[in-house]
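Working notes for the structure below.
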Number of protein chains: 2
Amino acid sequence: MDTMTIPAVPAPRTQVTRKDVARYAGVSTAVVSYVVNGGPKKVAPATEAKVQEAIRQLGYRPNAAARALKLGSSETIGLVIPDNSNPFFSMLAHAVEDAAGALGYALVLTNSDGNLAKERRNIRNLAARQVDGVVLASVLFEPELADLEAAEIPSVLLSHSGSSAGVTTVGVDLAKGARTAVEHLIGHGHTNIGLAMGTTTGNEADAREEGWVRALRDAGLPEGPIARSAFTRVGGYAAGRRLLASGHRPTAIFASSDMQAIGILRALHEAGLSVPGDIALVSFDGSEDAEYSWPTLTTVEQPVRDMAEAAVRALVGADRGEPAQHRVFPTKLLVRQSCGCP
Amino acid sequence: MDTMTIPAVPAPRTQVTRKDVARYAGVSTAVVSYVVNGGPKKVAPATEAKVQEAIRQLGYRPNAAARALKLGSSETIGLVIPDNSNPFFSMLAHAVEDAAGALGYALVLTNSDGNLAKERRNIRNLAARQVDGVVLASVLFEPELADLEAAEIPSVLLSHSGSSAGVTTVGVDLAKGARTAVEHLIGHGHTNIGLAMGTTTGNEADAREEGWVRALRDAGLPEGPIARSAFTRVGGYAAGRRLLASGHRPTAIFASSDMQAIGILRALHEAGLSVPGDIALVSFDGSEDAEYSWPTLTTVEQPVRDMAEAAVRALVGADRGEPAQHRVFPTKLLVRQSCGCP
DNA sequence: GACTGTGGCGCAAACGTGTGCGCACCGGAA
DNA sequence: TTCCGGTGCGCACACGTTTGCGCCACAGTC
């Protein structure tokens, strides 16, 4: 045995080019291009067949980089999300990928991990990669938007209730959704309703909090205790414990995300409290996790697939080039066990 | 008001090129390139400063497509997974993105949705996009591999226990992990241990099943009932119901994924059975969901981050070009409530 | 038979980079 | 002064495409 065996370096990537195909088929490179792209030019059926055969024989695959360079479009869009491990965002990412794929676009995924600097890097990186657009679903501050505008990259903000000026946004009416949830709890006779909210300074958290406040105010009820945390299970767990430790414990809690609600559920279980018996719980997002928790979670569903599709279409689909607009999708209260309905 | 307002077409994407920078700085385009890439050539500090300033002023950003065309590398890797909504795979995707990003590579995400034709399309698509490598975490059949070899794209199989010949694989010893889990249940005195397994014909399911079989056999125990389903909550739920309906109901269940376990949990709850009191449960994956279920799930953890990093490094990192190998990472039994430990 | 119209195809110029090669200049040594 | 080595920079080509333009051959018309 030879111990000096050269590692299987994956063969010099000798790319089969259009020129090879042309030579093999006995035509010019232009014809190959016409055949491949069904260009504006007609090509005789016989010639076309020859070219197709040559392509098959040689295993020719057009070079996307060259195409992108020539066309000025990479047929790729970018996605910036905080954390693909978070079920809500992974659901979103999947939906965006589907929508993009349906239009022939690939999806470059980037996670910001709640790190502003990283989010910035990601956006710059995507811009440098000539993506045709970027979907931002993140805690976004002005500087980022400025960057994008400067780079002249089409972009759409996802899951934000549109307030930003010149950029298209796609989302739900967070305030209204939250309000519906809280009113549902009020309808069950609760008068001390706590709130588990996010810590972001973006406009996500605010609107949901506003919905909670207004529902209570309109019902003539006092505001219950508030706990803020990250939109995660761990964060929710901590928030749950804080709510339980608060002065007079709420009999119901509205959580601003399913993840937080699941953390809260754990805190309640540990405290030996039953849900909804001792404390009722309603949350936000409508992720699948809420359907398989114990008890199952009543939650405000966001139509993620529709939102993703709208975002992608605004970027590279039929709605491209239309003036910036704010699309607001309806939420839907999914009533399950945790709210205390019979 | 003028109702004919022209929509804000995102400005003709007039790209600032290297030539512009060169002209602005009063140097040649080559120098700009040297400055940007820190090329092999030296450039005088004064010139460099001028160029940097020009770059800043003009907001120059190198065109990734042109670079990719020239270098024959897109600084991009592809990921093929069944479903990014599935927590295990979303965790994996996040880890792969991190590892790739650390090496300066972007990640193109594609979902196969358990659809073989789509998986095939995704792979072809990635190949056409000149990705520098592909991480495959999927139910993979031979034809796909052949495609990859044909396209000469470096690839690594993730989460497969390596049996494939010429391709690098990264994963865990599924059989051993499963065996540990089942032995743990046996240690608790269970003698009728059921199995919730996947339906895939790949090598994923088999090894775990094998571990279950061997643990039982070595302990002189009979094989309990088996239910097969997709690696999802819904699938697990159905499998759970089937296991409950089986001849003589098991007192413990080993589930081949956390998702299935969570579905089973729901089935058990609905049946009014307590876990682990009436039925113990141990699963596989170690996703965060298993930590926040009720009761919390004892599960066999896969070191996903390590695996992702190893896969990416084998593709485009330090380990690139090494001969195909099969890296097997250790699993770890995370003992929580569902197994019945005190 | 000459002219014209048309369908089918080839030529060659970009797209924005990276980089080998060569040229100009400059300081020092003879 | 002449020669020489070295440093710093410019020229120009190639990467694989797309596509406007022009050429050729052929059929139809007078």
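All figures in this text were calculated on a predicted structure; none of them were measured in a lab. Just the heavy atoms: all of them, side chains too, but no hydrogens, waters or symmetry mates, feed the values below. So that the names make sense, note that chain A is the first sequence line, chain B the second, and so on, each numbered from 1.
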CA sep, side-chain torsions, deciding dist, call: B:Leu92, B:Leu158, side chain to side chain contact (heavy atoms under 4.5 Å, CB included): CA-CA 9 Å; B:Leu92 189 64; B:Leu158 226 160; 4.0 Å; yes
Can you tell me the distance, in whole Å, between the [atom1] atom of [X] and the [atom2] atom of [N]?
{"X": "A:Gln130", "N": "D:dT17", "atom1": "CD", "atom2": "P", "value": "19 Å"}
{"X": "A:Asn37", "N": "C:dC9", "atom1": "CG", "atom2": "C1'", "value": "16 Å"}
{"X": "A:Leu69", "N": "D:dT17", "atom1": "CG", "atom2": "P", "value": "12 Å"}
{"X": "B:Lys19", "N": "C:dG18", "atom1": "NZ", "atom2": "P", "value": "15 Å"}
{"X": "B:Leu71", "N": "C:dT19", "atom1": "CG", "atom2": "C1'", "value": "10 Å"}
{"X": "A:Lys42", "N": "D:dA25", "atom1": "NZ", "atom2": "P", "value": "24 Å"}
{"X": "B:Arg61", "N": "C:dT17", "atom1": "CZ", "atom2": "P", "value": "12 Å"}
{"X": "B:Glu75", "N": "C:dT17", "atom1": "CD", "atom2": "C1'", "value": "13 Å"}

Could you tell me whether the phosphate oxygens of [N], OP1 or OP2, come under 4.0 Å of any side-chain nitrogen or oxygen in [X]?
{"X": "A:Thr47", "N": "C:dC9", "result": "yes"}
{"X": "A:Tyr34", "N": "C:dG7", "result": "no"}
{"X": "B:Arg67", "N": "C:dG18", "result": "yes"}
{"X": "B:Ser28", "N": "D:dG10", "result": "yes"}
{"X": "B:Ser33", "N": "C:dG18", "result": "yes"}

Residue list, side chain to side chain contact (heavy atoms under 4.5 Å, CB included) with A:Ala93, at least two apart or on another chain: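 Side chain to side chain contact (heavy atoms under 4.5 Å, CB included) check on A:Ala93 returns A:Leu79, A:Ile81, A:Asn84, A:Leu109, B:Asn84.
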B:Thr110 and B:Arg121: side chain donor to acceptor below 3.5 Å: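 No.
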Modelled atom types, side-chain donor and acceptor of B:Asn125 and B:Arg120, under 3.5 Å: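 Side-chain D/A pair, B:Asn125 to B:Arg120: absent.
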Sugar-phosphate only, base, or nothing, as touched by B:Arg18 at under 4.0 Å among non-hydrogen atoms: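 Result for B:Arg18 = base.
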Using the side-chain heavy atoms of [X], tell me which of these nucleotides is nearest: [options].
{"X": "A:Asn63", "options": "C:dG16, D:dG16, C:dG10", "answer": "D:dG16"}
{"X": "B:Ala66", "options": "C:dG18, D:dT17, C:dG16", "answer": "C:dG16"}
{"X": "A:Lys70", "options": "D:dA14, D:dG8, C:dA13", "answer": "C:dA13"}
{"X": "A:Val43", "options": "D:dC9, D:dG16, C:dC9", "answer": "C:dC9"}

I'd like to know if [X] pairs up with [Y] as an ion pair, taking the criterion as any Lys NZ or Arg NE/NH1/NH2 lying under 4.0 Å from an Asp or Glu carboxylate oxygen.
{"X": "A:Glu53", "Y": "A:Arg56", "value": "yes"}
{"X": "B:Arg327", "Y": "B:Asp306", "value": "no"}
{"X": "A:Arg320", "Y": "A:Asp132", "value": "no"}

Residue whose nearest DNA chain C nucleotide is more 5′ - B:Ala30 or A:Val31: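 Result: A:Val31.
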Rounded to 10 degrees, the angle between the two terminal axes of the helix from C:dG1-D:dC30 to C:dA30-D:dT1, each from five pairs: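 That helix gives 70° between its end axes.
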Test log, rule side chain to side chain contact (heavy atoms under 4.5 Å, CB included), inputs A:Glu75 and B:Arg129: CA-CA 10 Å; A:Glu75 308 257 285; B:Arg129 284 173 190 277; 3.9 Å; yes
